[in-house]
Amino acid sequence: DGGITQSPKYLFRKEGQNVTLSCEQNLNHDAMYWYRQDPGQGLRLIYYSQIVNDFQKGDIAEGYSVSREKKESFPLTVTSAQKNPTAFYLCASSTGTGDTQYFGPGTRLTVL
Amino acid sequence: EDQVTQSPEALRLQEGESSSLNCSYTVSGLRGLFWYRQDPGKGPEFLFTLYSAGEEKEKERLKATLTKKESFLHITAPKPEDSATYLCAVQAATSYDKVIFGPGTSLSVIP
C-alpha cells in the first residue's frame, strides 16, 4: 500500500536536546512538507521541498532544520533553539508543487 | 494578507440533523480550495478540491460548494462517525507552492 509514514508516534525531549522526526513516502511524490499544529490554530508550514536536494523555509522555520537527500525521505530536526517545540507535527506530500497534499499520521512531540 | 477563517468553531448536531460548515477566504486569486477531515490524534484525510466558483463535489453525506469568497461543506443526515474536525485550506494563484489552512470546525454528532 502506498502512503506516508511518520515515526515515532510520540516523542519526548528534554530541554536543550535536538530531536529528529522521520517522514517517509512511497507515493513517488516530488514535493514534501512539514507542518506544525497547535490547539485552536490552523496548520502552519515549517519547511517544504519541491525536489531532492532543495528545500525552502515556510512561515515558522526558526529553530527547525530539514534535509532532502532522497525523494522518499524528508526528516525534520527540532533544535534546542526552538523555544516552544511541544506540538503535533505533520508531514505531507504531493505529486508536484501546487497539487493536493496528502498527510501522514503525525508525531506528537512533548518537551519535558 | 491571505487569510482563511472557518465557522462555527464547534458544532453539535443530533444524528440526522443536516447542517453546513463555512470557510471564508481572502486570497489574491484562488487557485484551489481543499477540504480535509481530521480525527483526534491523526493526520488530516483529504476530502475535496474545488477550483472555480459554482463548482460542487459530493462524497457520501458530504457536499462541498464554492463561491468567490467562501466555501460550504454541507452534511446531510449526519451519523456519529462523521464526528471530526473539518479543515479548509486555500491555495493562492500567486504562491501556489503553499496552502493556507483555517483553524477548523469541530463537529460532534450525537446519537
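Bear in mind the structure is a predicted one, so any value in this text is a computation, not a measurement. Chain identifiers are assigned alphabetically (A, B, ...) following the order of the sequence lines, protein sequences preceding nucleic acid strands; residue numbering begins at 1 within each chain.
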Legend entry - Exercise: identify the closest heavy-atom pair between B:F48 and B:K57: CD2-CB, 3.6 Å
Legend entry - Polar side-chain atom of A:Q41 near backbone of A:D38 as donor-acceptor pair, under 3.5 Å: no
Inset, instruction - Take atom CD1 of B:I110 as the centre, draw a 6.0 Å sphere, and report whether it contains more than 12 heavy atoms from other residues, nucleotides or ligands. - result: yes
Legend entry - Distance in Å, B:L66 CG paired with B:F72 CZ, rounded so as to fall on 0.5 Å steps: 10.5 Å
Legend entry - In one Ile/Leu/Val/Met/Phe/Trp/Tyr side-chain cluster, 4.5 Å: B:Y36, B:I75: no
Legend entry - Ionic contact status for B:E56 with B:K63, cut-off 4.0 Å: yes
Inset, instruction - Side chain from CB out, backbone as N, CA, C, O: work out which of these in A:L43 comes under 4.5 Å of a heavy atom of chain B, or both, or neither. - result: both
Inset, instruction - Using a cut-off of under 4.5 Å on heavy-atom pairs, state which of A:T100, A:D99, A:L45 scores highest against chain B. - result: A:T100
Legend entry - Heavy-atom contact with chain A under 4.5 Å, split by part of B:Q38: side chain
Inset, instruction - Check each atom of A:Q56 against the heavy atoms of chain B and say whether the ones under 4.5 Å are side chain, backbone, both or neither. - result: neither
Inset, instruction - Spell out, as yes or no, whether a donor-acceptor pair under 3.5 Å connects the side chain of B:R31 to the backbone of A:G98. - result: yes
Inset, instruction - Following the transitive rule for hydrophobic clusters with a side-chain heavy-atom cut-off under 4.5 Å over Ile, Leu, Val, Met, Phe, Trp and Tyr, establish whether A:L21 and A:Y47 coincide in one cluster. - result: yes
Legend entry - Contact residues of residues 59-97 of chain A (partner chain B; heavy-atom separation under 4.5 angstrom): A:D59, A:F88, A:L90, A:T97
